[in-house]
Amino acid sequence: MGLATRRLRILVMGVGNALMQDDGVGTAVTDRLAGAPDSNTDLEIIDGGTIGLSLLPQIEDADGVIVVDAAELGAEPGTIQLFIDDAIDRQLSGKRRTVHEVALMDLFSAAAIRGRMPPRRALVAVQPACTEWGLDLTARVAAAVPEACAAIRRVADQWLATAEAA
(Lines give C-alpha, C1' and ligand atoms only; values in the text may rest on other atoms or scores of the structure.)
Protein backbone atom coordinates (compact mmCIF):
# COMPACT_ATOMS: atom_id res chain seq x y z
CA MET A 1 0.00 0.00 0.00
CA GLY A 2 1.46 3.34 -1.05
CA LEU A 3 1.82 6.30 1.22
CA ALA A 4 -0.70 9.07 0.67
CA THR A 5 0.91 12.42 0.04
CA ARG A 6 -0.62 15.58 1.39
CA ARG A 7 -0.37 18.76 -0.62
CA LEU A 8 0.88 21.87 1.09
CA ARG A 9 -1.77 24.29 2.22
CA ILE A 10 -0.56 27.68 0.99
CA LEU A 11 -2.41 30.76 2.14
CA VAL A 12 -2.09 33.91 0.01
CA MET A 13 -3.24 36.97 1.92
CA GLY A 14 -3.60 40.42 0.39
CA VAL A 15 -3.55 43.17 2.98
CA GLY A 16 -4.17 46.87 2.91
CA ASN A 17 -6.87 49.48 2.77
CA ALA A 18 -8.52 49.71 -0.66
CA LEU A 19 -9.81 53.20 0.23
CA MET A 20 -6.26 54.56 0.36
CA GLN A 21 -5.08 54.21 -3.26
CA ASP A 22 -1.85 52.18 -3.40
CA ASP A 23 -2.30 50.90 0.15
CA GLY A 24 -4.88 48.56 -1.41
CA VAL A 25 -2.40 46.88 -3.76
CA GLY A 26 -2.46 43.67 -1.70
CA THR A 27 -6.16 43.18 -2.22
CA ALA A 28 -5.85 44.17 -5.90
CA VAL A 29 -3.27 41.41 -6.37
CA THR A 30 -5.32 38.75 -4.59
CA ASP A 31 -8.45 39.79 -6.50
CA ARG A 32 -6.55 39.30 -9.76
CA LEU A 33 -5.13 35.95 -8.63
CA ALA A 34 -8.53 34.68 -7.54
CA GLY A 35 -10.13 35.73 -10.82
CA ALA A 36 -7.46 34.28 -13.10
CA PRO A 37 -8.69 31.40 -15.27
CA ASP A 38 -5.41 29.55 -14.60
CA SER A 39 -5.65 30.19 -10.86
CA ASN A 40 -3.51 27.78 -8.88
CA THR A 41 -5.88 25.45 -7.05
CA ASP A 42 -3.18 24.84 -4.43
CA LEU A 43 -3.59 28.38 -3.16
CA GLU A 44 -6.13 29.58 -0.64
CA ILE A 45 -6.56 33.25 -1.50
CA ILE A 46 -8.03 35.64 1.06
CA ASP A 47 -8.45 39.37 1.55
CA GLY A 48 -6.78 40.10 4.87
CA GLY A 49 -7.98 43.72 4.84
CA THR A 50 -6.07 45.72 7.40
CA ILE A 51 -5.35 42.52 9.33
CA GLY A 52 -6.50 41.43 12.74
CA LEU A 53 -5.92 38.59 15.16
CA SER A 54 -9.10 36.98 13.81
CA LEU A 55 -6.86 35.74 10.97
CA LEU A 56 -4.69 33.76 13.41
CA PRO A 57 -6.42 30.37 12.83
CA GLN A 58 -5.91 30.64 9.07
CA ILE A 59 -2.23 31.52 9.54
CA GLU A 60 -1.69 28.70 12.02
CA ASP A 61 -3.37 26.10 9.79
CA ALA A 62 -1.23 26.93 6.76
CA ASP A 63 1.95 25.17 5.68
CA GLY A 64 3.01 28.37 3.95
CA VAL A 65 1.82 31.97 3.98
CA ILE A 66 2.44 34.51 1.24
CA VAL A 67 1.44 38.06 2.17
CA VAL A 68 1.22 40.79 -0.45
CA ASP A 69 1.21 44.38 0.77
CA ALA A 70 2.29 47.92 0.07
CA ALA A 71 5.54 48.67 1.90
CA GLU A 72 7.99 51.53 2.10
CA LEU A 73 11.05 50.14 0.33
CA GLY A 74 12.76 53.43 -0.47
CA ALA A 75 12.40 52.57 -4.15
CA GLU A 76 10.52 53.79 -7.23
CA PRO A 77 6.72 53.34 -7.08
CA GLY A 78 5.69 49.91 -8.33
CA THR A 79 8.98 48.27 -7.31
CA ILE A 80 8.45 44.78 -5.95
CA GLN A 81 10.66 43.17 -3.35
CA LEU A 82 10.37 39.64 -2.01
CA PHE A 83 11.14 38.82 1.63
CA ILE A 84 11.24 35.16 2.64
CA ASP A 85 11.14 33.64 6.14
CA ASP A 86 13.43 35.55 8.54
CA ALA A 87 13.81 38.42 6.05
CA ILE A 88 10.15 39.26 6.75
CA ASP A 89 10.96 39.76 10.42
CA ARG A 90 13.83 42.09 9.56
CA GLN A 91 11.61 44.10 7.18
CA LEU A 92 8.78 44.40 9.70
CA SER A 93 11.01 45.10 12.70
CA GLY A 94 12.20 48.38 11.21
CA LYS A 95 10.19 51.57 11.20
CA ARG A 96 6.62 50.62 10.35
CA ARG A 97 4.54 53.16 8.50
CA THR A 98 1.15 51.48 8.41
CA VAL A 99 -1.14 49.90 10.96
CA HIS A 100 -1.19 46.65 9.00
CA GLU A 101 2.60 46.32 9.11
CA VAL A 102 2.31 46.35 12.92
CA ALA A 103 -0.65 43.95 12.80
CA LEU A 104 1.18 41.51 10.51
CA MET A 105 4.12 41.34 12.93
CA ASP A 106 1.66 40.82 15.80
CA LEU A 107 -0.08 38.04 13.87
CA PHE A 108 3.18 36.21 13.14
CA SER A 109 4.34 36.75 16.74
CA ALA A 110 1.11 35.28 18.12
CA ALA A 111 1.48 32.21 15.88
CA ALA A 112 5.10 31.79 17.00
CA ILE A 113 4.22 32.11 20.69
CA ARG A 114 1.62 29.38 20.25
CA GLY A 115 4.18 27.19 18.44
CA ARG A 116 2.13 27.28 15.23
CA MET A 117 4.16 29.52 12.92
CA PRO A 118 3.93 28.28 9.34
CA PRO A 119 7.29 26.81 8.31
CA ARG A 120 7.24 28.81 5.06
CA ARG A 121 6.56 32.56 4.90
CA ALA A 122 6.95 35.16 2.19
CA LEU A 123 6.12 38.83 1.81
CA VAL A 124 5.63 40.32 -1.64
CA ALA A 125 6.09 44.03 -0.96
CA VAL A 126 5.14 46.75 -3.45
CA GLN A 127 6.42 50.31 -3.16
CA PRO A 128 3.40 52.66 -3.17
CA ALA A 129 3.33 56.05 -4.87
CA CYS A 130 0.35 57.49 -2.97
CA THR A 131 -1.63 56.35 0.06
CA GLU A 132 -4.10 59.23 0.21
CA TRP A 133 -7.88 58.79 -0.03
CA GLY A 134 -8.87 57.25 -3.34
CA LEU A 135 -10.23 54.03 -4.81
CA ASP A 136 -7.80 53.51 -7.69
CA LEU A 137 -4.18 52.39 -7.65
CA THR A 138 -1.75 54.82 -9.22
CA ALA A 139 -0.61 53.86 -12.73
CA ARG A 140 2.85 52.58 -11.72
CA VAL A 141 1.53 50.44 -8.90
CA ALA A 142 -1.34 49.10 -11.03
CA ALA A 143 1.24 48.13 -13.64
CA ALA A 144 3.11 46.10 -10.99
CA VAL A 145 0.09 43.91 -10.14
CA PRO A 146 0.80 41.21 -12.81
CA GLU A 147 4.44 41.00 -11.69
CA ALA A 148 3.34 40.60 -8.05
CA CYS A 149 0.98 37.78 -9.11
CA ALA A 150 3.84 36.08 -10.96
CA ALA A 151 6.11 36.40 -7.89
CA ILE A 152 3.46 34.73 -5.73
CA ARG A 153 3.10 31.87 -8.21
CA ARG A 154 6.88 31.37 -8.39
CA VAL A 155 7.18 31.16 -4.60
CA ALA A 156 4.20 28.80 -4.30
CA ASP A 157 5.47 26.58 -7.12
CA GLN A 158 8.90 26.40 -5.49
CA TRP A 159 7.39 25.41 -2.13
CA LEU A 160 5.18 22.79 -3.77
CA ALA A 161 8.08 21.32 -5.75
CA THR A 162 10.29 21.20 -2.66
CA ALA A 163 7.55 19.46 -0.63
CA GLU A 164 6.94 16.89 -3.39
CA ALA A 165 10.65 16.11 -3.62
CA ALA A 166 10.90 15.51 0.14
Side-chain angles (χ1 to χ4, degrees), residues 9-62 64-85 87-111 118 120-157:
R9 181 172 174 270
I10 299 175
L11 177 67
V12 178
M13 183 171 63
V15 297
N17 186 338
L19 300 175
M20 305 293 289
Q21 288 186 302
D22 293 342
D23 192 58
V25 69
T27 55
V29 170
T30 52
D31 286 350
R32 183 174 178 131
L33 274 177
D38 63 339
S39 181
N40 189 332
T41 57
D42 294 311
L43 304 179
E44 178 184 347
I45 301 169
I46 65 169
D47 178 353
T50 54
I51 307 183
L53 287 176
S54 64
L55 296 168
L56 187 59
Q58 289 172 287
I59 297 289
E60 291 179 335
D61 289 343
V65 176
I66 303 172
V67 177
V68 59
D69 190 13
E72 182 55 52
L73 304 171
E76 291 293 315
T79 299
I80 296 172
Q81 193 167 347
L82 183 62
F83 299 91
I84 296 181
D85 296 330
I88 295 171
D89 300 332
R90 288 190 297 278
Q91 171 66 13
L92 295 177
S93 66
K95 183 177 180 183
R96 287 167 252 161
R97 291 168 174 78
T98 66
V99 173
H100 43 98
E101 286 176 332
V102 173
L104 181 57
M105 190 64 173
D106 289 348
L107 193 59
F108 283 151
S109 295
R120 297 164 186 87
R121 297 179 297 137
L123 170 64
V124 177
V126 182
Q127 174 68 51
C130 181
T131 55
E132 299 296 321
W133 289 107
L135 298 176
D136 297 321
L137 298 177
T138 60
R140 291 177 74 182
V141 171
V145 169
E147 184 183 342
C149 291
I152 290 166
R153 289 185 183 161
R154 281 191 304 273
V155 170
D157 288 347

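Quick caveat: nothing in here was measured; it's all calculated off a predicted structure.
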Output for pair (M105 CE, Q91 CD), nearest 0.5 Å, gives 11.0 Å
Can you tell me if R9 uses its side chain to pair, donor with acceptor, with the backbone of G64 under 3.5 Å? no
Measure the shortest side-chain to side-chain distance between L33 and R153 over non-hydrogen atoms and say whether it is less than 4.5 angstrom.
yes
Q) Taking T79 for the side chain and A75 for the main chain, is one N or O donor matched with an acceptor at less than 3.5 Å? A) no
- prompt: With side chains defined as the heavy atoms from C-beta onward, is the minimum distance between V124 and I80 less than 4.5 Å?
  reply: yes
Any side-chain heavy atom of L53 sitting closer than 4.5 Å to one from L107? yes
Rounded to the nearest 0.5 Å, the CG atom of L104 sits from the OG atom of S109 at a distance of 9.0 Å
Heavy-atom nearest pair, A144 first then V126, reads CB-CG1, 4.4 Å
Is any side-chain heavy atom of L56 closer than 4.5 Å to a side-chain heavy atom of F108? no
Exercise for review: Using the six-membered ring of F83, assess whether NZ or CZ of R90 lies under 6.0 Å from its centre and within 45 degrees of the ring axis.
Suggested key: no
One should read off an interatomic distance between E44 CD and I10 CD1, to the nearest 0.5 angstrom, of 11.0 Å
On a heavy-atom basis, the closest approach of P118 and A62 is CB-O, 3.6 Å
Per side chain to side chain contact (heavy atoms under 4.5 Å, CB included), L123 is matched among V68, V15, V65, I88 by I88
P146 side chain near R32 side chain, heavy-atom distance below 4.5 Å = yes
Output for pair (D47 CG, D31 CG), nearest 0.5 Å, gives 6.5 Å
Checking D69 side chain against A125 main chain: does a donor-acceptor pair fall under 3.5 Å?
-> no
Looking only at heavy atoms, the pair that brings T131 and M20 closest together is O-CE, 3.0 Å
Scan side-chain atoms only and decide if T138 and D22 contain a donor-acceptor pair under the 3.5 Å cut-off. yes
For G24 and L137, the nearest pair of non-hydrogen atoms, with its separation, is C-CD2, 4.1 Å
Heavy atoms of C130 and Q21 approach each other most closely as SG-OE1, 2.7 Å
Exercise. Heavy atoms, side chains only, cut-off 4.5 Å: are L11 and I66 in contact?
Worked result: no
dist T50:OG1 -> N17:CG (nearest 0.5 Å) comes out at 6.5 Å
task: Please examine the side chains of M13 and T30, heavy atoms only from C-beta on, and report whether any two atoms are closer than 4.5 Å.
output: no
Heavy atoms of L55 and G48 approach each other most closely as CD1-O, 3.8 Å
Check whether the side chains of Q127 and E72 place a donor and an acceptor atom closer than 3.5 Å, and report yes or no. yes
